[in-house]
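This report concerns only the one structure given below.
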Amino acid sequence: MSKLWKRFKSLFKREKQFQFLFVEDVPNKFKPKIVYIVTNNNYPWEIVMLCPCNCNKILYLNLMKEYPPYWTYEISKEKKITLHPSIHRIVGCQSHFFLRNGVIIWC
Ligand SMILES: [Zn+2]
């Protein structure tokens, strides 16, 4: 799928928004459109999710500031998740996107 097509689709098609889930272990099976926030003793240390391009690869995002690069997340009052900074796969599908308020914004 070309980048332009992905952008076109996200502009004109109302896609289901991403939800988030706090988990204590990295799940064995991943559901699409779920951002799993993995915690250890209530400390969120990693985010795992399926790549939104449907390539079926799992993305691991480190949340520990002590070990850069790291990401941060925000959950709005409306329970929508935002990730900082953008996510860029440099292998495979090479997807580059932002997740803002539960919505994927392709770069
Ligand atoms: Zn992908």
Side-chain angles (χ1 to χ4, degrees):
M1 219 172 17
S2 79
K3 280 183 181 178
L4 207 66
W5 174 243
K6 277 191 258 187
R7 191 176 289 184
F8 179 83
K9 246 180 69 175
S10 57
L11 270 178
F12 292 99
K13 192 179 146 200
R14 263 275 198 213
E15 292 190 42
K16 192 173 163 259
Q17 295 194 347
F18 272 71
Q19 313 290 313
F20 62 88
L21 208 62
F22 285 95
V23 291
E24 288 185 359
D25 288 305
V26 177
N28 295 325
K29 282 187 179 171
F30 292 83
K31 288 183 184 161
K33 309 233 170 188
I34 304 269
V35 174
Y36 296 90
I37 303 164
V38 187
T39 64
N40 184 18
N41 293 325
N42 293 322
Y43 177 79
W45 65 276
E46 190 178 44
I47 279 180
V48 284
M49 61 189 284
L50 277 174
C51 182
C53 89
N54 295 326
C55 70
N56 271 322
K57 293 287 185 236
I58 296 154
L59 308 178
Y60 297 88
L61 307 175
N62 170 43
L63 297 173
M64 294 181 287
K65 291 188 172 72
E66 299 84 356
Y67 302 101
Y70 66 90
W71 281 262
T72 59
Y73 68 91
E74 265 173 47
I75 292 163
S76 69
K77 273 183 242 153
E78 297 79 24
K79 304 268 181 218
K80 307 280 189 208
I81 189 161
T82 297
L83 300 179
H84 303 283
S86 68
I87 293 121
H88 191 184
R89 289 198 77 217
I90 53 171
V91 293
C93 64
Q94 315 226 328
S95 283
H96 189 192
F97 61 93
F98 290 90
L99 180 60
R100 283 197 196 127
N101 290 313
V103 176
I104 297 291
I105 299 153
W106 295 101
C107 297

Main-chain N/O of Lys16 paired to Lys33 side chain as donor or acceptor, under 3.5 Å: yes

Min side-chain heavy-atom separation Pro52-Leu59 under 4.5 Å: yes

Pairs touching residues 27-74 that satisfy ring-ring contact (aromatic ring centres under 6.0 Å, His included), sequence neighbours left out: Phe30-Tyr36

Show the atom names and distances, to 0.1 Å, of all donor-acceptor pairs under 3.5 Å that link a side chain in residues 18-28 to residues at least two apart or in another chain.
from	atom 1	to	atom 2	distance (Å)
Gln19	NE2	Gln17	O	3.4

Common cluster, Val38/Ile34, ILVMFWY with side-chain heavy-atom separation under 4.5 Å: yes

same_hphob_cluster(Leu61, Val48) at 4.5 Å side-chain heavy-atom cutoff: no

Partners meeting side-chain hydrogen bond (donor to acceptor under 3.5 Å, both in side chains) with Ser76 (sequence neighbours left out): Glu78

Spacing of OG1 belonging to Thr82 relative to CD1 belonging to Ile75, to within rounding of 0.5 Å: 9.0 Å

Residue list, ring pair (Phe, Tyr, Trp, His ring centres under 6.0 Å) with Phe98, at least two apart or on another chain: none

Report all side-chain donor-acceptor pairs from residues 83-97 shorter than 3.5 Å, counting only partners two or more places apart or in another chain.
from	atom 1	to	atom 2	distance (Å)
His84	NE2	Glu74	OE2	3.4
Ser86	OG	His96	NE2	2.8
Gln94	NE2	Ile90	O	3.4

Least distance between heavy atoms, Ile37 atom then Pro44 atom: CG2-CB, 3.7 Å

